[in-house]
Amino acid sequence: MERTGSPQVPKKGKVKPPWRAEGLPGTPGGRPKINWWRFAITLLVVYAAFFFVSSFFDSSQVETVSYTEFTKQVNGKNVKEIYATGLSVEGHLKSAAKDPGSGNQSYTDFRTEIPTFANTDQLSQQLSAAGVEIKAEPLTSGRGFFLNLLLALLPVLLLAGLWIWIMRRGASMMGGGGLGGLGKSKAAKPVEAGQVRVTFEDVAGIDEVENELVEIVDYLKDPDKYRRLGAKLPKGVLLAGPPGTGKTLLARAVAGEAKVPYFSASASEFIEMIVGVGASRVRDLFEEARKVAPSIVFIDEIDAIGRARGGAGGIGGHDEREQTLNQILTEMDGFSGAEGVIVIGATNRPEVLDPALLRPGRFDRTVQVGLPDQAGRTAILGVHSRGVPLDGEVSLDRLAKTTPGMTGADLANLVNEAALLAAKRGKEKVGMADFADALEKLQLGAARSIVMPEDERTRTAYHEAGHALLGMLQPGADPVRKISIIPRGRALGVTLSTPDTDRYAYDEQYLRGRITGALGGMAAEDVVFGVITTGAENDLEQVTMIARGMVGRWGMSARVGPLTILPNDGQPQASPATLAIVDEEARRIVDECYENAVRILRDNRDKLEGIVAALLKHETLDEATAYGAAGLAKS
Ligand code: ADP
Ligand code: ZN
């Protein structure tokens, strides 16, 4: 029930590495790590050194001499042997001589060119007369055979090293979505040093779920006990429940409790690239897990690949999803439970899963993880405030009471926000006021510091007061907890109502009340200003959803009857004629509620004005001041 401003831009998803692991045996390093950067640089340095040294050999030992000097040495009978190719000659002297051409440097090995006009017949006579041995092959100078081979091979080796290095780097970057890792994926990342493992101590408020997993912990601790008796344990357990209810936490706790390695990956991470990659990653993941079995493999968001085939939606190409899913099924079929790899899958939409996943020997056990009830919320708040110094006045019970519908993740966040606020306020301990403000920020969003034009502000006040007053006057509606006309996020104002107790099912009267309340903002603007603004977009979405649900899902329209016509997920199941009736019925309900809203607001204009005046003065009203401003005592 918020008055909305501009349309929202969808948030981009976060990118995670392909999988994470903790509790692997051995050193934190796992397998020895090769620093490929250093490797490449070493290669380069060695090559350069060889090159330098060998060229030094060349230039220092083999003297390039003039033809005149050469004939002089031949005539002096000082030449031992020569090697000739074409007109190039290299050779050795019997004893070192000084080369007048290069500052009288002494030399024994030399190289020279025979001018084309020289009389080679005469030269060869001179050579044989001097007893010089003549060979018609090139001189391999001072460098030995191996040195030459190395020099020839080094560039190739260097290139090969560089190539391997790039491949390996690509593989390690794969998690970031790089394209380098098309080959084998990298070994699971080792645990960070000092990482504390999660146990059942850290999971609160969902004891029934915990109990269902105790058996698995026991099995992982001592698989032999079960093997001896031939008992078969589930290979796969599916945790189903809304996001933030602690499914990941539970999987980690099972592994931590049993002290076995834990591998985790999100199904969507398997298939962000090219067909076939997902399957190969799945294979690698299971290979790693089997090496250190007994172990846990946790696959989050399994519905991303495990949707019923032929169903709509999902990410990645169709083939890629199917191949990845098939690989998971193959892996699960492939290991006999005796190996001790247990797969835990998590999903918040179990109903869309491919039945193949749920067959015996696969995820044959489903555990529902629900929202925590009030006692559960108290326990979760307790777990998360273990390390937080709380003021004596703080009552976790009272906090739990005002937070129905919140998940474990929300509650963890609440404690953290409150601690942050207290720290910012320079307090030693976290007090109830910090919790209240943190809760407001979480439930309503962080305030935006924009200056609203006065008429816009007034209109927002009437809009929110309309929601609030209808909420207060509807029998059975959730009490109004907070009204605010401070802009937050894209909302210009917010009215928050939450139930006193946890609600599990809703009756028709309650739902009509919700629709009437949601229409209250629009109705107030209509009654007071006679115009309708775009501020009610969100409200209308809610109204439409509830009204269509009442008619098409919950059998609350006599004309349609108790039929599921608009299933939770998927295509409408009815003839166009029936669908038209659903539309008519939904419209009738909404029209009735709208008329009702306008009538109540007209009849209680004084109460509406009371709330508006208080809102314009204080901007945010809590439960007591809001009911007070309307002149109503909260029952
Ligand atoms: P899910 O996998 O169901 O989306 P997570 O396990 O990721 O939820 O929960 C996120 C965080 O919320 C956890 O790391 C933990 O801090 C907190 N949390 C959720 N449920 C619980 C719980 N039952 N007990 C304690 N903390 C919880
Ligand atoms: Zn609204």
Side-chain angles (χ1 to χ4, degrees), residues 1-5 14 16 20 196 198-210 213 238-254 256 264 266-267 298-303 344-350 367-373 375-387 400 406-416 444 459-471 483-485 490-497 514-526 532-543 597:
M1 316 232 183
E2 49 192 38
R3 189 159 189 260
T4 42
K14 54 186 178 311
K16 297 182 213 157
R20 294 147 296 281
V196 183
V198 171
T199 65
F200 282 152
E201 285 277 284
D202 304 288
V203 187
I206 39 178
D207 300 339
E208 338 71 67
V209 182
E210 238 174 81
L213 298 173
L238 188 67
L239 300 176
T245 45
K247 299 183 292 296
T248 311
L249 187 70
L250 266 171
R252 282 183 69 196
V254 168
S264 84
S266 177
F298 176 69
I299 303 177
D300 204 357
E301 300 169 37
I302 198 150
D303 48 283
I344 301 184
T347 178
N348 43 25
R349 332 190 48 195
V367 177
Q368 296 290 337
V369 186
L371 292 173
D373 58 11
R377 290 195 296 274
T378 310
I380 293 173
L381 286 169
V383 163
H384 287 282
S385 52
R386 276 187 305 209
M406 277 198 169
T407 63
D410 295 332
L411 295 168
N413 200 5
L414 172 63
V415 175
N416 190 47
L444 310 185
R459 182 164 298 182
T460 304
Y462 274 102
H463 181 104
E464 297 307 329
H467 283 309
L469 184 58
L470 285 169
I483 321 173
S484 169
I485 54 165
R490 72 193 174 113
L492 302 179
V494 188
T495 300
L496 180 76
S497 308
R514 280 284 293 271
I515 295 178
T516 310
L519 290 168
M522 192 177 175
E525 291 186 62
D526 194 4
I532 284 166
T533 64
T534 57
E537 180 179 334
N538 238 14
D539 299 338
L540 299 187
E541 275 170 19
Q542 270 204 34
V543 166

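Start at 1 and go down the list; that is how both ligands and their atoms are numbered. All values below come from the heavy atoms of this structure, side chains included, with hydrogens, waters and symmetry mates left out.
In this structure, CD1 on Ile299 lies 10.5 Å from CG on Leu238, to the nearest 0.5 angstrom.
Taking 4.0 Å as the cut-off, His384 counts as a neighbour of ligand 1 on heavy-atom distance. Heavy atoms of Gly205 stay at 4.0 angstrom or farther from ligand 1.
Each of the following atoms of ligand 1 lies closer than 4.0 Å to a heavy atom of Ala409: 10 (C), 12 (O), 17 (C), 18 (N), 19 (C). Within ligand 1, counting atoms from 1 as listed, the ones closer than 4.0 Å to a heavy atom of Ile206 are 23 (N). Interface atoms of ligand 1 facing Pro243, defined by a heavy-atom separation under 4.0 Å, are 4 (O). Ligand-side atoms of ligand 1 in range of Gly408: 12 (O), 17 (C), 18 (N), 19 (C), 20 (N), 21 (C), range being under 4.0 angstrom from any heavy atom. Those atoms of ligand 1 that come under 4.0 Å of a heavy atom in Ala204, given as number and element, are 22 (C), 23 (N), 24 (N), 25 (C).
The atom name of the N/O/S atom in Asp539 closest to the Zn ion (ligand 2) is OD2. Residue-level check: among N/O/S atoms of His463, NE2 sits closest to the Zn ion (ligand 2).
Nearest to atom 5 (P) of ligand 1 by heavy-atom distance, out of Gly246, Ala379, Ala251, is Gly246.
What you find for Glu464 and Thr495 is that their closest heavy atoms are OE1-OG1, 2.7 Å. Listed here is the closest heavy atom pair of Ala400 and Leu381: N-CD1, 4.0 Å. Of all heavy-atom pairs between Val383 and Ala204, the closest is CG2-CB, 3.5 Å.
Where the criterion is an N or O separation shorter than 3.5 Å, residue side chain and backbone included, Ile380 fails it with respect to ligand 1. An N or O contact shorter than 3.5 Å is missing between Asp300 and ligand 1 by distance.
For the pair Arg377 and Asp410, the salt-bridge criterion is not met [side-chain N within less than 4.0 Å of a carboxylate O].
When heavy-atom distances to ligand 1 are checked against a 4.0 Å cut-off, Asp202 comes that close only through its backbone atoms N, CA, C and O.
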